[in-house]
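Heavy-atom basis, side chains included; hydrogens, waters and symmetry copies ignored. Note on naming: letters A, B, ... go to the chains in the order of the sequence lines (proteins, then strands), and numbering restarts at 1 for each one.
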Amino acid sequence: MHADSQEEQQVAESGTGPTVEETTTYEVEAVQQKWRPVWESLDCFRPADDGSRERRYALTMFPYPSGDLHMGHAEVMALHDVLARYWWQRGYDVMNPIGWDSFGLPAENAAIRRDEHPATYTYANIETQAESFRRYGVSFDWSRRLHTSDPEYYRWTQWLFLRFRERGLAYRKFSPVNWCPVDQTVLANEQVVQGMCERCGAEVTKRELSQWYFKVTDYAQRLLDDMGQLEGKWPDRVLAMQRNWIGRSEGAHVDFDIALASGETRTVTVFTTRPDTLHGATFMVVAADAKLAAEVCAPERREALEDYLADVRRASDIDRLATDRPKSGVDLGVTAVNPVNGEQIAVWASDYVLADYGTGVIMAVPAHDQRDLDFARAFDLPVRRVVDTGEENPEESGVATTGDGTYVSSGDLDGLTDKATGIARTIEKLEADDHGTGTVNFRLRDWLLSRQRFWGAPIPIVHCEACGEVAVPDDQLPVELPDLRGADLKPKGTSPLAAAEDWVATTCPSCGGPAARDTDTMDTFVDSSWYFLRYCSPDFTEGPFDPEAVRRWMPAAQYVGGVEHAILHLLYSRFFTKVLHDMGMLDFVEPFTALLNQGQVINQGKAMSKSLGNGVNLGEMIDLYGVDAVRLTMVFAGPPEDDIDWADLSPQGSLKFLQRAWRLSGDVTSDAGTDPAGGDTALRKATHKTVAEAEQLLEGHRFNVMVARVMELVNVTRKAVDSGCGPADPAVREAAETVTVLLSLVAPYTAEEMWERLGHQPTVARTGWPTVDPALLVDDSVTAIVQVQGKVKARLDVAPDISDVDLEAVALADPAVVRALDGKEIRKVIVRAPKLVNLVV
RNA sequence: GCGCCCGUAGCCCAAUGGCAGAGGCACCAGGUUUAGGUCCUGGCCAGUGAGAGUUCGAAUCUCUCCGGGCGCACCA
């Protein structure tokens, strides 16, 4: 397309519109350069925000500024922009903001390598990406742009931290934490994947550190309950992942008394989901790394426990995660009393019990829990079946039975066959005897938010010897980062901020004495948990956001982004929203009404990666095929949720189609403004049907099918021009203009160029959605099929409003049907007018 | 181990219980063209992973199996 386009380029640049005779293609790059400045001067995507039209908030996950945009950005923005532009055409007042999630490690690492400030790398990349977004023609409102690393932004991140702390939702505690030895920082539970650092892939180790947490566990039940509002509007799998992550389980706390070596009795509580199997609890297991293990351990077993603990610590999380790993453990030399039968049972320590789930201690019921059974068999501990499921006794088979069955050796429960009743009755009895209570346990842990890195929002706390932890007063926010760069930022295992002694040394806001600033910064997920609120009033100086502006725009009507944020970002944002609701700052509890997770762009069946050498460069694709062809390829590839394999696609084909559509705009010979009434009816019907169907498809996010429908309309219009009603027919103009408006959602440059050739002023993006004439959606006749025994025997042209009775009569009179029936007796007739008759003989 | 999703032409994908094919890629042929490409027209190609069930009727609903993908995972 570039080879022979000299002439056309001149034509395009002169703006006089080439004729069909002169050329059959347009110069893509020239058209892009022609319209960009026009759009920018029109500023056509800034919402009026005056209530004149219904508001809609189109939100896309803001990018992290690492290098230039890549194929993934191109996909998500293409899909997102279809919706935003559709809403504009439908007459909504659309807010479609863009910003950058601009704190984070890559910038810091780059700064160390290049001996500069992280801001240098960060803001240079932001400018590169911003320029690419503009070239890509995304309908952003640039006036709302924000960067989380700007002091005007993180001032409010810090402000929110302090409000959370006032409510007891931000606190510091000393405990074992996940530590990434490469990034030299702690990680949230959510950032550890398969025992590795989610970011760099290094094996995560444990450290005992004093760290800041958000009390997200206080909101576990509400995070779960409010998902009811999202059902059907968020992808099921995301909801499933969140539910899974929150991990609610119902069960009971049961108290066991342990007779300590000292002669004292210590009451220890276990969590179990199967209190009904309490009679089968034949030993207890304490998490080896829990304090409790050492506390209850008999003196003569202490050495064995310490040896075991040393072994456990040597094993990494990776080893721990290996399945089918043999059970290990150590006998603590004390016994506990089973509260339901008074039996003395052994107390062991093992690493298969987790210190930070439930109470860190379990009652082991080997007959009905495979892990407990494996442990019992490894150490020759008793196994007692208390539920007879009809399967082989676990004691012999080595396979624990977990299903329903008849209770045996279980006191009052004996003979019962229903698990739910068994559980309920046991809890009742435990509560009556004061040995335990029914309870709910969550897998969700509190969110560890402090990081020992530089490029993040400083935690606005001062440590004073006299007053302890003191909040930085609101009027002293933001606590700005000191000017550190290059080697100053090298990871040392403590925050680089600690090295900035002038910065650390401060005075206590409370007593005025000498004090030290907290040297940790916040996880960047804190920044991204509220940016969608800030967009509503990005310049607001009285708070993180103007509550009135948020009331007008939030919750976001549609959030578009990658499924990689299915847990972390979305859970945290939901948590923030609920807390802000409880603070009276928001009148809703869920921030994102609907969620669309686009698939990934892959190549040759695999994720693009440097090591595989299968990366596709977005800039090169755009240079080769143009912005519109790349966008169209992304949108047309398949359902938005599916992965796109670039190797399966044809940007060349997309370009071919765009040229084909563009050619139509030059064929139209009627004047702009020509009344389509009286135009070719068949073509008008095709046009109006396409619009009606496109509406349904767009509402259902079935953009690929919408594109196919536009292609069909282009095809029938082509035929109408060449061998039908001819280019002067008003229906041809109507069809071409409709194609242009529909294409404006996907291919803005081509559409704008077509719009001009059709005699209109920019911008087609705001011209409005075509009005569907219902009369043109009705066919003169439709094809009804007649089946005999479910096999098609005849096709009939009938009126679309034919009645069931009439259709049956016509069908039965059809000679082909009569032949097929062959005089057999009709037993049943199914009529679905006007489409189908099925005769059962 | 628990949970979820997906198998339709050579390929990407339509068909929301009613004629398996809308659209595209690739391929083939004809027209246009000095030629190639572009462009226009036409064509080729599967019985829906396998089996069973429900139904007048199943790609679509149910079950089992096979194949592929994803999430969580010693979570008591």
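Residue A:Lys793 has no polar side-chain atom (N or O) positioned under 4.0 Å from OP1 or OP2 of B:C19. Regarding contacts with the backbone of B:A14, a side-chain N or O of A:Asn704 is found under 4.0 angstrom from either OP1 or OP2. In terms of phosphate contacts, A:Lys835 brings no side-chain nitrogen or oxygen within less than 4.0 Å of OP1 or OP2 of B:G18. OP1 or OP2 of B:C40 has at least one side-chain nitrogen or oxygen of A:Arg660 nearer than 4.0 Å. For B:U38, neither phosphate oxygen OP1 nor OP2 lies less than 4.0 angstrom from any side-chain nitrogen or oxygen of A:Arg663. Residue A:Asn715 places at least one side-chain N or O closer than 4.0 Å to OP1 or OP2 of B:G24. Between B:A76 and A:Ser249, a contact under 4.0 Å exists linking OP1 or OP2 to a side-chain N or O. Distances shown here put a side-chain N or O of A:Arg443 below 4.0 Å from the OP1 or OP2 atom of B:A73.
A straight line from CG of A:Leu807 to P of B:G18 spans 17 Å, rounded to a whole angstrom. Between A:Leu571 atom CG and B:C72 atom P the separation is 13 Å, expressed in whole Å. Here the C1' atom of nucleotide B:C4 and the CH2 atom of A:Trp234 are 17 Å apart, to the nearest Å. B:C5 atom C1' lies 10 Å from atom CG of A:Asp642, rounded to whole Å. In this structure, A:Gln787 atom CD and B:G18 atom P are separated by 11 Å, rounded to whole Å. Rounded to an integer number of Å, the gap from CG of A:Leu658 to P of B:C25 is 12 Å. Rounding to whole angstrom units, OH of residue A:Tyr357 and C1' of B:A73 are separated by 12 Å. Taking atom CD on A:Glu641 and atom C1' on B:G69, their separation rounds to 15 Å, with Å as the unit.
The separation of B:G10 from B:A73, taken at their P atoms, amounts to 41 Å, rounded to a whole angstrom. B:A20 and B:U48 have their C1' atoms separated by 7 Å, given to the nearest Å. The same atom, C1', is picked in B:A26 and in B:G67; the two are 26 Å apart, to the nearest Å. B:A9 and B:G47 have their C1' atoms separated by 10 Å, given to the nearest Å. Comparing the P positions of B:G42 and B:C61 gives a spacing of 36 Å, expressed to the nearest Å. For B:C56 and B:G51, the C1' atoms lie 23 Å apart once the distance is rounded to whole Å. Between B:C44 and B:C25, the distance separating the two C1' atoms is 15 Å to the nearest Å. The P atoms of B:G18 and B:A29 are separated by 39 Å, rounded to the nearest whole Å.
Nucleic acid contact class of A:Lys327 (heavy atoms, under 4.0 Å, all strands): base. In this structure, A:Ala240 reaches neither bases nor backbone, as no heavy-atom distance under 4.0 Å exists between it and the strands shown. Backbone-only engagement by A:Asp648 is indicated by non-hydrogen atom pairs under 4.0 Å involving sugar-phosphate atoms exclusively.
Of all nucleotides present, none satisfies the Watson-Crick or G-U wobble test against B:A58 with each distance under 3.5 Å. A 3.5 Å limit on both hydrogen-bonding distances identifies B:G43 as the Watson-Crick or G-U partner of B:C27. Nucleotide B:A35: unpaired (no Watson-Crick or G-U wobble partner with both distances less than 3.5 Å). Applying the Watson-Crick and G-U wobble criteria (two distances, each under 3.5 Å), B:G1 pairs with B:C72. B:U64 is paired with B:A50 under the criterion used here, namely a Watson-Crick or G-U wobble arrangement in which both key atom distances are under 3.5 Å.
Here the side chain of A:Phe271 is nearest to one of B:C25, B:C56, B:A76, namely B:A76. Counting only heavy atoms from C-beta on, A:Ile567 has its side chain closest to B:C72 among B:A76, B:C40, B:C72. Ranking B:A22, B:G18, B:U41 by closeness to the A:Lys719 side chain, first place goes to B:U41.
Along RNA chain B, the nucleotide closest to A:Asp722 and the one closest to A:Phe636 are compared, and the more 5′ of them pairs with A:Phe636. In terms of position along RNA chain B, the nucleotide closest to A:Leu697 lies nearer the 5' end than the nucleotide closest to the other residue of the pair A:Arg795 and A:Leu697.
Between A:Phe379 and A:Phe283, a ring centre-to-centre spacing not shorter than 6.0 Å is recorded.
Side-chain N/O atoms of A:Tyr26 and A:Ser665 include no donor and acceptor closer than 3.5 Å. For the residue pair A:Thr217 and A:Asp446, a side-chain donor N or O sits within less than 3.5 Å of a side-chain acceptor on the partner. No side-chain N or O of A:His368 forms a donor-acceptor pair with one of A:Thr402 less than 3.5 Å apart.
Taking the charged nitrogens against the carboxylate oxygens, A:Glu250 and A:Arg248 do have a contact shorter than 4.0 Å, which makes a salt bridge. Under the 4.0 Å criterion applied to side-chain N and carboxylate O atoms, A:Asp667 and A:Arg663 are not assigned as salt-bridge partners.
In the interface, the side chain of A:Arg709 is paired with the base of B:A22 through a donor and an acceptor atom under 3.5 Å apart. At a cut-off of 3.5 angstrom, counting only N and O atoms as typed in the model, there is a donor on one side and an acceptor on the other between the side-chain of A:Asn838 and the base of B:C56. Side-chain atoms of A:Arg237 and base atoms of B:C5 include no donor and acceptor less than 3.5 Å apart.
A donor-acceptor contact shorter than 3.5 Å links the side chain of A:Asn338 to the backbone of A:Leu278.
In A:Lys419, the NZ atom is crowded: over 12 heavy atoms of neighbouring residues, nucleotides or ligands sit closer than 6.0 Å.
With a glycosidic angle more than 90° from 0, B:G36 adopts the anti conformation.
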